[in-house]
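Single-structure report; data block below.
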Amino acid sequence: MAIQQKLSLMIPGPTPVPEKVLQALSKHPIGHRSKEFQELVESTTRNLQWLHQTQNDVLTITGSGTAAMEAGIVNTLSKGDKVICGENGKFGERWVKVAQEFGLEVIKIDSEWGTPLNPEEFKKILDEDKQKEIKGVILTHSETSTGVINDLKTISSYIREHKTALSIIDCVTSLGACNVPVDEWQLDIVASGSQKGYMIPPGLSFITMSKKAWEATESSNLPKFYLNLKSYKKSLLSNSNPYTPAVNLVFALDEALKMMREEGLENIFLRHNRHKLAMSNAIKALDLELFADEKYLSPSVTAVKTGELDAEEFRKTIKNKFDILLAGGQDHLKGNIFRVGHLGYVNDRDIITVISAISNTLLVMGKISAQKAGEALVVASNYLKTN
Ligand SMILES: *Cc1c(COP(=O)(O)O)cnc(C)c1O
């Protein structure tokens with residue numbers, strides 16, 4: 001029988017929340033126009049810029065990650081604008097829907113789920129656009145639904161060569177897990193959400209805006225009110241918000257960002273990389289197959305094919321027996337894959353535990369030998385040793 005209080009969230013969001021952050025959440029709210037709160041806005045904004053490696057504005061919106069992506073689109077584009085949407089999973093698919101909902105003309109660049117987008121396809125279409133009709137390129141860096149990371153560095157270099165198109169990037173499960181140097185890669189708009197790498201509960205989202213992105217807001221004619229980023233920018237001049245923000249989540253954000261600064265960006269990236277390698281190699285040692293192309297594994301989620309095993313039954317067993325929640329597959333992948341989230345507040349113990357739970361379950365089912373179960377742990381330990 002599962003012990004609910006012990007449930008360990010090994011899903012790619014919401015992710016586990018540190019004790020210190022939980023304590024910050026449980027305080028009495030304060031007035032969002034108070035000096036005290038302004039100081040919090042000031043410090044969290046500064047730390048967000050650190051996390052994004054940028055001098056650009058980073059705005060905090062009360063809303064989930066999708067709100068930040070929608071804000072990026074509706075603030076910079078206009079009805080009928082041509083945009084390229086990269087689509088190789090559920091989230092890429094969502095941004096196509098949002099773009100179409102707002103009357104944008106979508107040029108889709110897709111690739112089979114589990115494989116990365118091909119940067120050269122972006123280059124080709126951008127190069128051919130001599131009239132500079134393409135106003136934006138919208139894509140997902142880490143495709144949480146499949147466990148694939150797209151080559152954002154190369155694609156963003158092609159977007160820059162085009163000069164007109166803005167990059168509008170979903171970095172929801174890459175930011176705070178691997179390197180996303182917003183200034184160095186000259187990313188115009190980057191969106192993320194609190195329940196992923198930030199180690200805080202759902203409810204806040206973040207968006208960076210480059211100078212070029214702000215210029216584009218001047219001609220954008222798509223409807224917006226709550227998500228009008230000019231209001232957020234204006235309020236930020238006095239370290240404030242246009243509307244009542246989720247005050248307690250900002251307390252939590254402040255704590256979480258301080259923890260991240262203490263650990264250091266490089267260490268955070270190394271930790272995620274180590275966990276990715278330990279997880280993916282242990283999976284292979286268990287004779288299971290990775291769903292994603294091995295050269296493009298996301299730092300934050302590992303998707304696993306279960307072959308003739310029902311992935312949903314497998315998840316249920318792991319949850320009931322070990323109090324570990326794994327994520328299932330979405331759409332056509334439901335029942336065919338499970339996904340292990342290793343994003344945010346995750347340590348080596350969590351990784352060893354989830355691998356043990358998976359191998360123990362396979363062992364009990366008679367799918368693998370005891371030797372294999374042991375080998376998977378040896379493989380994982382070897383990856384965890386290195387830094
Ligand atoms: C979680 C996630 C989002 C945001 O989804 P919300 O439910 O709106 O927070 C967006 N993109 C990716 C890749 C994600 O993993």
Side-chain angles (χ1 to χ4, degrees), residues 9-17 52 59-74 85-99 101-102 110-111 113-117 137-152 155-156 167-178 180 187 189-208 226-227 245-246 249 252-253 256 272 276 291-292 296-303 325-331 333 337-346:
L9 283 179
M10 297 299 285
I11 59 174
T15 62
V17 179
H52 288 78
L59 307 168
T60 302
I61 300 169
T62 297
S64 80
T66 303
M69 276 302 281
E70 180 163 323
I73 291 168
V74 301
C85 285
E87 195 241 277
N88 58 337
K90 189 81 186 160
F91 288 97
E93 212 175 71
R94 184 180 296 174
W95 312 136
V96 170
K97 282 186 197 154
V98 175
E101 185 66 32
F102 284 100
D110 55 12
S111 101
W113 288 28
T115 67
L117 296 166
V137 178
I138 303 169
L139 69 106
T140 305
H141 188 196
S142 160
E143 197 20 284
T144 316
S145 61
T146 63
V148 166
I149 189 142
N150 287 308
D151 183 358
L152 178 57
I155 297 173
S156 67
S167 49
I168 303 177
I169 317 293
D170 168 353
C171 288
V172 179
T173 54
S174 58
L175 202 90
C178 62
V180 185
L187 303 171
I189 297 173
V190 165
S192 59
S194 59
Q195 79 275 30
K196 308 286 173 94
Y198 291 87
M199 314 186 288
I200 66 179
L204 294 180
S205 56
F206 311 95
I207 182 166
T208 66
Y226 182 74
L227 292 178
L249 285 173
L253 176 66
H272 283 84
K276 169 189 89 175
F291 180 72
Y296 295 90
L297 293 179
S298 162
S300 41
V301 54
T302 299
L325 188 65
L326 302 177
Q330 291 162 291
D331 293 349
L333 297 176
I337 65 166
F338 65 80
R339 292 172 300 145
V340 186
H342 32 83
L343 171 61
Y345 192 53
V346 171

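Whatever order the structure lists ligands and atoms in, that order sets their numbers, starting from 1. Side chains are part of it too, since the values below use all heavy atoms of this structure and drop only hydrogens, waters and symmetry mates. Position 1 is the first residue of the sequence, and the numbers go up from there. All of these numbers come straight from a predicted model, not from anything done at the bench.
Under a 4.0 Å criterion applied to the non-hydrogen atoms of Thr140, ligand 1 contributes the atoms 13 (C). Close approach to Gly65 involves these atoms of ligand 1, each under 4.0 Å from a residue heavy atom: 4 (C), 6 (P), 8 (O), 9 (O). Within ligand 1, counting atoms from 1 as listed, the ones closer than 4.0 Å to a heavy atom of Val172 are 1 (C), 2 (C), 3 (C), 10 (C), 11 (N), 12 (C), 14 (C). Less than 4.0 angstrom separates some heavy atom of Thr144 from each of these atoms of ligand 1: 12 (C), 13 (C), 14 (C), 15 (O). Numbered from 1 in the order shown, with element, the atoms of ligand 1 that lie under 4.0 Å from a heavy atom of Thr173 read 15 (O).
Taking 4.0 Å as the cut-off, His141 does not count as a neighbour of ligand 1 on heavy-atom distance. Residue contact check for ligand 1: Ser142 places a non-hydrogen atom closer than 4.0 Å to it.
Side-chain contact between Pro202 and Pro14 is present, with at least one heavy-atom pair separated by less than 4.5 Å.
The backbone N or O of Thr140 sits less than 3.5 Å from a side-chain atom of Asn150, completing a donor-acceptor pair. With hydrogens and angles disregarded, no donor-acceptor distance shorter than 3.5 Å links the side chain of Ser167 to the backbone of Leu187. Judged by distance alone, the side chain of Thr208 and the main-chain N or O of Val190 form a donor-acceptor pair under 3.5 Å. The closest donor-acceptor contact from the side chain of Glu143 to the backbone of Phe91 lies under 3.5 Å. Between the side chain of His141 and the backbone N or O of Ile149 there is no donor-acceptor pair closer than 3.5 Å. With hydrogens and angles ignored, the 3.5 Å screen pairs a side-chain donor or acceptor of Arg339 with a backbone N or O of Gly328. When atom types are taken as modelled, the side chain of Ser111 and the backbone of Asn88 share no donor-acceptor pair closer than 3.5 angstrom. Looking at Ser194, its side chain does come within 3.5 Å of a backbone N or O of Gly203 through a donor-acceptor pair. Without hydrogens or angle criteria, Ser142 side chain to Ser174 main chain gives no donor-acceptor distance under 3.5 Å.
Between Trp95 and ligand 1, a contact under 3.5 Å exists for no N or O pair. Inclusion of Glu143 in the set of residues having an N or O under 3.5 Å from an N or O of ligand 1 is not warranted.
The shortest contact between atom 6 (P) of ligand 1 and any protein heavy atom is with Ser64 OG, 3.4 Å. Of the protein's non-hydrogen atoms, Gln195 NE2, 2.8 Å is the one closest to atom 9 (O) of ligand 1. Asp170 OD2, 2.5 Å is the protein heavy atom nearest to atom 11 (N) of ligand 1. When hydrogens are left out, the protein atom nearest atom 3 (C) of ligand 1 is Phe91 CE2, 3.4 Å; that is the closest non-hydrogen contact.
Comparing Thr146, Thr66, Val301 against atom 8 (O) of ligand 1, the shortest heavy-atom distance belongs to Thr66.
Here Lys196 has side-chain heavy atoms under 4.0 Å from ligand 1, and that is the only part of it that gets that close. Only side-chain heavy atoms of Arg94 come within less than 4.0 Å of ligand 1; its backbone N, CA, C and O stay farther off.
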